[in-house]
Amino acid sequence: MSDASSLRPICITAVEELRQRVGRARREGRKVGLVPTMGALHAGHLSLVRASRAECGFTVVTIYVNPSQFGPSEDYRRYPRTLEADLDLLAGWADLVFAPENEAVYPPGFATWVDVGSVAEPFEGEFRPTHFRGVATIVLKLFNLVGADVAYFGQKDYQQARVVQRMVEDLNVPIELRVCPIVREPDGLAMSSRNVYLNPGERRQAAVLCQGLRMAENLVAEGCRDAGEIVARVRAAIQAAPDARIDYVALADPQTLRPVSAVEGRTVLLLAVRIGATRLIDNCILEA
Ligand code: PAF
């Protein structure tokens with residue numbers, strides 16, 4: 001009988017080997033799916049891997065904590081790195097894990113960056129000014145390295161998915177994107193690798209993000225359309241948690257991310273809230 005470790009995917013660090021293995025899968029006629037991650041995998045990531053497995057004959061998971069998407073005062077150094085546990089979780093699900101070293105990704109002399117325009121500017125772009133430049137650059141590199149047919153992203157990072165979509169369209173990147181639903185804990189907290197930073201008291205308070213989203217959905221269901229009113233009510237619900245500090249609560253056009261003054265048709269509600277020292281984001285689509 002095979003145990004989990006025998007089903008673990010092969011984990012490689014070399015670009016040449018990645019190209020060879022993906023090339024072989026392709027010659028066998030297998031569709032290639034890519035799930036880019038920074039590791040510390042949880043059920044949210046696994047839902048992306050499952051989606052890839054359902055659609056593609058060969059699933060590549062990348063695990064790389066990308067330094068260029070962290071600001072100087074952010075958590076790059078302490079970001080959880082759990083490669084062995086990640087490989088156990090992927091047993092039987094992924095075909096290949098690519099976990100490159102920094103030197104292979106950003107060799108000496110590296111100087112080319114991808115700057116996505118207006119969709120990267122508000123919200124996360126305002127609070128983390130170099131974040132999306134780092135994300136877009138690494139994602140394009142991973143697309144080029146893996147050469148996948150389809151890539152899977154989580155809706156939890158809503159703006160990231162929009163930024164990647166914009167880049168793919170603008171630069172004619174030959175890949176299809178899938179954005180998969182947010183996976184939540186029983187109390188509604190969106191799964192995130194950063195949830196491990198929360199102490200038990202903060203963890204309880206963190207449910208206010210999802211409660212804020214649910215409140216907005218209820219308001220819209222009751223006929224409320226005014227963005228100012230919805231935002232004010234959501235802010236008040238979040239501020240009920242003593243350790244919550246709001247970075248933003250905003251309603252925006254789901255494609256362009258431009259602010260809206262009323263919920264007409266589909267609108268995205270975006271939240272970023274610090275609970276103690278941990279910054280969490282969440283979102284939902286509101287439909288009038
Ligand atoms: O969402 C993430 O985990 C990261 O931003 C990504 C897409 C893997 C790029 O480093």
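Note that the structure is predicted; figures quoted are calculated from it, not measured.
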Check the side chains of [Y] and [X] for a donor-acceptor pair under 3.5 angstrom, ignoring hydrogens and angles.
X	Y	result
E124	Y248	yes
N102	Y64	yes
Y152	E55	yes

Can any side-chain N or O of [X] pair as donor or acceptor with the backbone N or O of [Y] at less than 3.5 Å?
X	Y	value
K141	V105	yes
S47	G44	yes
T267	V263	no
R81	Y79	yes
R53	W93	yes
R266	P254	no
D243	E202	no
T59	D95	no
H131	R128	no
N66	M38	no

| message | Run the salt bridge (Lys or Arg N to Asp or Glu O under 4.0 Å) test on R24 and E28 for me, step by step, so that the C-alpha distance in whole Å, both residues' side-chain angles and the decisive distance to 0.1 Å come before the verdict. | response | CA-CA 6 Å; R24 202 176 308 144; E28 289 165 5; 5.9 Å; no

Would a 4.5 Å heavy-atom cut-off, applied to side chains only, mark [X] and [Y] as touching?
X	Y	value
H45	R50	no
F123	I281	no
I230	V249	no
F98	L96	no
L171	F143	no
L90	R8	no
V150	I175	no
C56	R30	no

Would you kindly confirm whether [X] and [Y] end up in one hydrophobic cluster when ILVMFWY residues are joined by side chain heavy atoms under 4.5 Å apart?
X	Y	value
L140	V65	no
V35	V168	no
F153	L257	yes

| task | Identify whether NZ of Lys or CZ of Arg in R78 sits under 6.0 Å from the centre of the six-membered ring of F70 and within 45° of that ring's axis. | result | no

With sequence neighbours excluded, what pairs up with [X] under the salt bridge (Lys or Arg N to Asp or Glu O under 4.0 Å) test?
X	result
R204	none
E176	R178
D170	R166
D247	R274, R279

| field | The single option from V268, T256, V119, D157 passing side chain to side chain contact (heavy atoms under 4.5 Å, CB included) against R162 | value | V119

| For the side-chain hydrogen bond (donor to acceptor under 3.5 Å, both in side chains) test, which of K156, R184, Q155 pairs with D282? | R184

| request: Return the set of residues passing side chain to side chain donor-acceptor pair (under 3.5 Å) with E121 (not counting sequence neighbours), or none when no residue passes. | output: none

| remark: Applying side chain to side chain donor-acceptor pair (under 3.5 Å) to S192 and not counting sequence neighbours gives none

